[in-house]
Amino acid sequence: MTQRLAMLRILVFAYAAVWTVVRAPHLLDAIDLAPRRFDGIGPLWWLNEPAPALAIIAAVALTPIACGAAALGWRYRASSLTAVVGFLFLTTYRNSWGQIFHTENLAALHMGVLALVPAAAACWSMGKAERALHKTETDHEALSSAVLKALSVLTVGTYFLAGIAKLRISGFGWIDGDVLRHQIAFDNARKELLGDPKAPFGALMLRNSWTLAPAAIAAIVVELAAPLALVGRRIAWIWAGMAMVFHFAILAVMAIVFPYHLLGIALSPLLPIERLGTAVAGWHCRFRRRSMRLRSTG
């Protein structure tokens with residue numbers, strides 16, 4: 001479990017670093033928006049006016065650096081907390097200008113949990129001093145297991161709440177596919193009017209309306225069945241596969257991207273991702289041995 005936690009730390013904070021760099025132009029665009037459009041939400045509910053431009057620029061510049069340091073386990077306590085604060089500030093601040101996106105909510109939650117525990121104290125970390133802090137391997141294994149369970153609960157909880165929200169807003173009318181029809185039609189029409197990329201299969205699904213009810217039922221089943229992934233490893237694999245298909249289907253019919261989920265990082269707490277780190281370490285060792293042989297023969 002310690003290796004799984006370490007690999008999860010690497011994946012989550014590396015994702016946040018790349019996301020911040022890729023989205024930097026979009027995040028910086030908020031500096032030029034009309035102040036009257038600003039309405040602080042969530043953690044920024046207390047902010048009554050836009051933040052200074054220098055604060056936005058500093059957050060955009062420092063957050064990916066802190067995320068990268070946390071991924072490497074360098075000065076983990078300080079770098080992880082800085083990364084969480086920066087990422088949460090940037091995502092919340094950008095959402096305070098109008099449409100509220102929720103694609104990065106789970107990433108922020110995972111980062112918050114990882115920042116509160118010694119996720120760089122066991123392995124695959126540059127933080128040698130922090131690795132020495134854990135008392136025994138057994139203690140750290142138990143802590144890692146508890147943290148992974150908490151992260152898994154967060155993952156399945158977001159899906160389950162999404163399913164509850166569908167039933168609460170639409171009732172069982174969601175099941176017949178009519179609500180889904182309107183969502184697909186509205187989203188694709190809006191994208192066409194704004195010149196954004198359209199979903200490749202949205203119009204096809206609307207023309208074949210018989211597919212809407214099964215798709216709506218499948219979506220609600222995936223979301224409401226999410227807690228079952230906590231029962232056992234095999235069920236976790238099955239549900240994770242269903243969730244991946246679910247997100248690729250959303251991409252195909254609505255062109256809505258959930259990168260954290262599509263990359264599988266959101267589902268990582270449920271899966272044996274430590275095998276990835278072990279494989280990379282094995283490749284590295286074999287590469288080093290081969291290089292040493294070549295140098296010795298040369």
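Count residues from 1 along the sequence. What you see below is based on every heavy atom in this structure, not just the backbone, and it leaves out hydrogens, waters and symmetry mates.
Taking both residues in full, the closest heavy atoms of Trp97 and Ala34 are given as CZ3-O, 3.1 Å, listed atom of the first, atom of the second, then distance. The minimum heavy-atom distance linking Gly264 with Ser268 is given by the pair O-OG, 3.0 Å. Of all heavy-atom pairs spanning Ala236 and Ala229, the tightest one is CB-O, 3.4 Å. Shortest non-hydrogen contact noted between Tyr76 and Ala115 is OH-N, 3.9 Å. The nearest pair of heavy atoms linking Ser170 to Val179 is OG-CG1, 3.7 Å. Of all heavy-atom pairs between Lys198 and Ala255, the closest is C-CB, 4.0 Å.
For the pair Leu167 and Leu224, the minimum side-chain heavy-atom distance is below 4.5 Å. Here the side chains of Val60 and Leu90 are in contact, with some heavy-atom distance below 4.5 Å. Side-chain contact between Tyr260 and Thr103 is absent, with no heavy atoms from C-beta onward closer than 4.5 Å. By the 4.5 Å heavy-atom criterion applied to side chains, Phe13 and Ser80 are counted as neighbours. Using a 4.5 Å heavy-atom cutoff, the side chains of Leu116 and Val147 are not in contact. Looking at Leu270 and Leu151, their side chains never come closer than 4.5 Å, going by heavy atoms from C-beta outward. Using a 4.5 Å heavy-atom threshold, the side chains of Leu251 and Ile256 count as separate. Taking the side chain as every heavy atom from C-beta outward, Ile273 and Leu8 approach each other to under 4.5 Å.
Clustering ILVMFWY residues whenever any of their side-chain heavy atoms sit less than 4.5 angstrom apart, transitively, puts Ile175 in the very cluster that holds Ile164. Hydrophobic clustering (ILVMFWY, side-chain heavy atoms < 4.5 Å, transitive): Val84 and Leu81 are in distinct clusters. Val245 is not connected to Leu212 by any chain of hydrophobic side-chain contacts under 4.5 Å among Ile, Leu, Val, Met, Phe, Trp and Tyr, and they are in different clusters. Hydrophobic clustering of Ile, Leu, Val, Met, Phe, Trp and Tyr side chains at less than 4.5 Å, counting indirect connections, keeps Leu72 apart from Ile65. Linking ILVMFWY residues whenever their side-chain heavy atoms come closer than 4.5 Å, directly or via other members, places Ile238 and Leu271 in the same cluster.
Under a 3.5 Å cut-off, the side chain of Ser152 and the backbone N or O of Leu148 do form a donor-acceptor pair. For Arg94 (side chain) and Leu27 (main-chain N/O), no donor-acceptor pair under 3.5 Å exists by modelled atom type. Side-chain atoms of Ser145 do not come within 3.5 Å of backbone N or O of Ala142 as any donor-acceptor pair. Between the side chain of Asp176 and the main chain of Asp178, a donor-acceptor pair closer than 3.5 Å is present. Between the Asn188 side chain and the Met254 main chain, no donor and acceptor come within less than 3.5 Å of each other. A side-chain donor-acceptor contact under 3.5 Å links Arg9 to the backbone of Ala70. With Trp74 contributing its side chain and Ala71 its backbone, the two residues share no donor-acceptor pair below 3.5 Å.
Within 6.0 Å of atom CZ in Arg190, more than 12 heavy atoms from other residues, nucleotides or ligands are found, so the atom counts as buried in its surroundings. In the displayed structure, Lys191 atom NZ is contacted under 6.0 Å by more than 12 heavy atoms of other residues, nucleotides or ligands. More than 12 heavy-atom neighbours from other residues, nucleotides or ligands sit within 6.0 angstrom of CG on Leu194.
If you take CG on Leu267 and CE on Met242, they are separated by 12.0 Å, rounding to the nearest 0.5 Å. The structure places OG1 of Thr92 at 8.0 Å from CG of Asn105, a figure rounded to the nearest 0.5 Å. To the nearest 0.5 Å, the span separating NE2 on His261 from CD on Glu104 amounts to 8.5 Å. Atoms OG1 and CZ, on Thr20 and Arg23 in that order, are 10.5 Å from each other to the nearest 0.5 Å. Separating the CD1 atom in Ile220 from the CG atom in Leu180 is a distance of 11.0 Å, to the nearest 0.5 Å. Here CG of Leu109 is found 8.0 Å from OG1 of Thr158. Values are rounded to the nearest 0.5 Å.
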Start with the C-alpha distance between Val153 and Leu230, add both sets of side-chain angles, then the distance that settles side-chain contact (heavy atoms from CB on, under 4.5 Å), and finish with yes or no. CA-CA 8 Å; Val153 169; Leu230 302 174; 4.1 Å; yes
Apply side-chain contact (heavy atoms from CB on, under 4.5 Å) to Arg4 and Ser144, showing your working. CA-CA 8 Å; Arg4 185 178 302 185; Ser144 298; over 6 Å; no
Would you please test Tyr93 and Leu47 for side-chain contact (heavy atoms from CB on, under 4.5 Å) and show each step? CA-CA 10 Å; Tyr93 187 76; Leu47 200 59; 4.2 Å; yes
Given the rule in the side-chain contact (heavy atoms from CB on, under 4.5 Å) test, do Ile217 and Trp174 qualify, once you have shown the distances and angles that lead to the verdict? CA-CA 8 Å; Ile217 294 171; Trp174 171 268; over 6 Å; no
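For Phe87 and Trp19, the distance between ring centers is under 6.0 angstrom.
With no hydrogens or angles considered, a side-chain donor-acceptor pair links Thr155 and His110 at under 3.5 Å.
Using cut-offs of 30° and 60° on the angle between ring planes, the pair Phe258 and His247 is tilted. The aromatic rings of Trp239 and Tyr159 stand perpendicular to each other, their planes meeting at an angle above 60°, with 30° marking the opposite boundary.
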